[in-house]
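Structure first, commentary second.
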Amino acid sequence: MMMIPYMVLAFSIKNILIAGAAVGVLGLILGVALGIFGKIFFVAVDEREVEVRECLPGNNCGGCGYAGCDGLAAAIVKGEAPVNGCPVANAEAHAAIGAIMGQEAGAVEKKVAFVKCSGTCDKTERKYNYYGINDCRKAMLVPGQGDKMCSYGCLGFGSCVSACAFDAIHVVDGVAVVDKEKCVSCGKCVAACPKNLIEIVPYSAPVAVACSSLDKGKDVRVACKTGCIGCSICVKQCEFDAIHVEDNLAKIDYSKCTGCGKCAEKCPQKIIVAR
């Protein structure tokens, strides 16, 4: 067995010790430098921002229009966002944030998402069989922007479902349906829908138009057994000027709607639905 000469061994140990010392000194220098630079470039954080952030739910859904709860907390403290700006937080959280900021939170009407389509599998016609990726945005790339005859209808592949962090939307019989009790109106499903079928409506809205087609009545009938045909019967029934037909589609003004239900009762296509 070959023996390592004593001088070589001593030289190796010496090199290791020197290298270790050099690393230690370098680390000390860097630590001191970071500490100095940290003080030089230190940005004071308003304590209220931390307190407001603790009141927010932490979902980071972006429904407030800011990049997560940290962004909203900073905006509230700067006066750039209202104290009740979080659509997910409840009234108690809004009140707590208002107390921190010395403001009244005010009442916030709960809102939820609604899918403006009633073209379920038994009601809509199809142009062809789609065998691609089950994603609405991918299906939009094929000819005709989907397999359904109605070019405005829900594709039913669940891009909105994947976007929802609250399990509040699911595809049922080919059409996305929102669970209004779980929905927090964060708006992610709205952004995810390539057909722009989902809108945010008041939770208390008694009725909604479950259609988005802008086609003329005769074309709607060819594509779907249900769907707004722009007949204006609902307009004639409403005593409060709360519903009008625009571009062949009935639209409800919720600030005027009293929930009498006459428009839904008389709609021949039954696409004004109770909520």
| query | When you check the gap from the basic side-chain N to the acidic O, do Lys262 and Glu239 get nearer than 4.0 Å? | reply | yes
| request: Check whether any side-chain N or O of His244 sits under 3.5 Å from a backbone N or O of Leu249 as a donor-acceptor pair, and report yes or no. | output: no
| task | Check whether any side-chain N or O of Asn60 sits under 3.5 Å from a backbone N or O of Cys69 as a donor-acceptor pair, and report yes or no. | result | yes
| Can you list the steps and then say if Val77 with Ile100 is a side-chain contact (heavy atoms from CB on, under 4.5 Å)? | CA-CA 9 Å; Val77 172; Ile100 294 169; over 6 Å; no
| Where Ala223 and Cys150 come nearest, the two heavy atoms and their spacing | CB-N, 3.8 Å
| task | Quick one: do Phe114 and Val178 satisfy side-chain contact (heavy atoms from CB on, under 4.5 Å)? Show the steps, please. | result | CA-CA 6 Å; Phe114 176 74; Val178 175; 5.8 Å; no
| query | Is any side-chain heavy atom of Lys123 less than 4.5 Å from a side-chain heavy atom of Thr120? | reply | yes
| note | Between Cys117 and Gly153 the two heavy atoms that sit nearest each other are SG-CA, 3.9 Å
| query | Do Leu56 and Leu72 have side-chain heavy atoms sitting under 4.5 Å apart? | reply | yes
| query | For Val177 and Val171, what are the C-alpha separation, side-chain angles and deciding distance, and is it a side-chain contact (heavy atoms from CB on, under 4.5 Å)? | reply | CA-CA 6 Å; Val177 178; Val171 174; over 6 Å; no
| task | Specify the closest pair of heavy atoms between Gly58 and Arg53, including all atoms of both residues, with the distance to one decimal. | result | CA-NH2, 3.9 Å
| Taking Arg275 for the side chain and Ala205 for the main chain, is one N or O donor matched with an acceptor at less than 3.5 Å? | yes
| task | Please check if atom NZ in Lys270 has more than 12 non-hydrogen atoms from other residues, nucleotides or ligands closer than 6.0 Å. | result | yes
| said: Does atom NZ (Lys266) have a neighbourhood of more than 12 heavy atoms from anything else shown, all under 6.0 Å? | reply: no
| field | Residues, nucleotides or ligands: over 12 heavy atoms within 6.0 Å of Lys236 NZ | value | no
| field | Side-chain donor or acceptor of Lys148 paired with backbone N/O of Cys154 under 3.5 Å | value | yes
| request: For the residue pair Val201 and Tyr254, establish whether any side-chain heavy-atom pair is separated by less than 4.5 Å. | output: yes
| query | Are more than 12 heavy atoms from other residues, nucleotides or ligands located less than 6.0 Å from atom CD of Glu104? | reply | no
| Shortest non-hydrogen contact from Ile169 to Cys164? | CG2-CB, 3.7 Å
| said: Between Thr226 and Gln269 (side chain of the first, backbone of the second, donor and acceptor by atom type, cut-off under 3.5 Å), is there such a pair? | reply: yes
| Heavy atoms, side chains only, cut-off 4.5 Å: are His170 and Asp167 in contact? | yes
| request: Look at the side chain of Ser212 and the backbone N and O of Lys116, then say whether any donor-acceptor pair between them is shorter than 3.5 Å. | output: yes
| Given side chains that start at C-beta, do those of Cys238 and Cys263 come closer than 4.5 Å, heavy atoms only? | no
| What residues, two or more places apart in sequence or in another chain, satisfy side chain to side chain donor-acceptor pair (under 3.5 Å) together with Arg221? | none
| said: Could you report the tightest heavy-atom contact between Ile97 and Val83, atom names first, then the distance? | reply: CG2-O, 3.7 Å
| query | Which heavy atom of Lys110 sits nearest a heavy atom of Cys183, and at what distance? | reply | NZ-O, 3.0 Å
| said: Tell me whether Lys180 at atom NZ has more than 12 heavy atoms from other residues, nucleotides or ligands lying less than 6.0 Å away. | reply: yes
| query | Is there a donor-acceptor pair closer than 3.5 Å between any side-chain N or O of Lys127 and the backbone N or O of Gly144? | reply | yes
| task | Identify whether Tyr152 and Ile198 are in the same connected component of the hydrophobic contact network (ILVMFWY, side-chain heavy atoms under 4.5 Å). | result | no
| Do Asp241 and Lys256 sit within salt-bridge range, that is, some charged N less than 4.0 Å from a carboxylate O? | yes
| query | Is there side-chain contact between Asp147 and Asn129, with heavy atoms separated by less than 4.5 Å? | reply | no
| Heavy-atom count around Leu141 CG within 6.0 Å, excluding the residue itself: above 12? | yes
| query | Short question: side chain of Asp135, backbone of Ser159 - any donor-acceptor pair under 3.5 Å? | reply | no
| said: Donor-acceptor pair, distance only, cut-off 3.5 Å: does the side chain of Lys195 make one with the backbone of Ser151? | reply: yes
| field | pair Cys186-Phe166: side-chain heavy atoms closer than 4.5 Å | value | yes
| query | Between Glu181 and Tyr203, does any side-chain donor sit less than 3.5 Å from a side-chain acceptor? | reply | yes
| task | Flag the pair Ser185 / Pro87 as yes when at least one side-chain heavy-atom distance between them is below 4.5 Å, and no otherwise. | result | yes
